[in-house]
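Position 1 is the first residue of the sequence; numbering continues from there. A quick note: this is a predicted structure, and the numbers were derived from the prediction, not measured.
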Amino acid sequence: MKGILVGAAIGYVLGAKAGRERYDQIVRLWHRFTANPTVRKTAAQAKDKAFEAAVQAKDLAADAAGKAADAAGKAAEKAPWRHQEEETNGKAYTPPVTPRT
């Protein structure tokens with residue numbers, strides 16, 4: 001929402017033909033708006049919430065990566081060819097990939 005308002009204000013300022021006086025008026029209004037304690041408090045709260053959400057997302061991603069690695073390890077252990085060995089050289093046997101239909 002803020003980005004839309006800023007974009008609209010910039011577009012108006014750049015496209016306005018009212019002259020330097022109107023530009024100065026808009027700048028003064030913008031400074032008065034951003035200096036408002038309520039606006040500053042709301043902006044700080046939004047910034048804090050965004051930071052908290054980013055930290056939570058990072059933690060969730062790390063948990064998901066750990067769970068995926070565990071699941072992959074368990075699946076590999078249960079693979080039917082895991083304990084089969086080729087008779088000739090004793091290496092683990094990996095079956096050929098068959099295309100899905």
Side-chain angles (χ1 to χ4, degrees):
M1 175 78 174
K2 180 180 173 184
I4 294 172
L5 292 175
V6 170
I10 290 171
Y12 179 79
V13 169
L14 294 177
K17 295 182 181 179
R20 181 71 183 185
E21 295 83 22
R22 181 66 178 149
Y23 171 80
D24 290 338
Q25 180 186 17
I26 292 170
V27 170
R28 282 192 308 274
L29 289 171
W30 177 253
H31 287 291
R32 190 169 34 168
F33 174 76
T34 57
N36 185 319
T38 304
V39 172
R40 289 180 156 285
K41 181 180 176 184
T42 303
Q45 289 173 344
K47 181 181 175 183
D48 292 342
K49 286 191 184 266
F51 180 76
E52 289 173 13
V55 169
Q56 287 176 349
K58 181 181 176 185
D59 292 342
L60 289 173
D63 290 345
K67 288 179 182 179
D70 291 343
K74 288 178 183 178
E77 289 175 6
K78 293 180 181 181
W81 62 84
R82 173 131 174 103
H83 300 290
Q84 295 177 357
E85 295 182 5
E86 292 182 10
E87 294 178 13
T88 57
N89 61 10
K91 292 185 178 179
Y93 171 72
T94 303
V97 178
T98 54
R100 294 183 183 184
T101 56

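The distance from atom CD1 of Ile26 to atom CZ of Arg28, rounded to the nearest 0.5 Å, is 10.0 Å. We find the CG-NZ distance between Asp70 and Lys74 to be 6.0 Å, quoted to the nearest 0.5 Å. Separating the NZ atom in Lys67 from the CG atom in Leu60 is a distance of 9.0 Å, to the nearest 0.5 Å. In this structure, NZ in Lys47 is found 13.0 Å from CD in Glu52, a value given to the nearest 0.5 Å. Atom CG of residue Asp24 and atom CG of residue Leu29 lie 11.0 Å apart, to the nearest 0.5 angstrom.
Counting non-hydrogen atoms of neighbouring residues, nucleotides and ligands closer than 6.0 angstrom, the CD1 atom of Ile4 reaches no more than 12 such neighbours.
Contact detail for Trp30 and Val6: the closest heavy-atom pair is CH2-CG2, 3.9 Å.
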Apply the test side chain to side chain contact (heavy atoms under 4.5 Å, CB included) to residues Gln45 and Lys41: give CA-CA distance (whole Å), side-chain angles for both, the deciding distance (0.1 Å), then the verdict. CA-CA 6 Å; Gln45 289 173 344; Lys41 181 180 176 184; 3.4 Å; yes
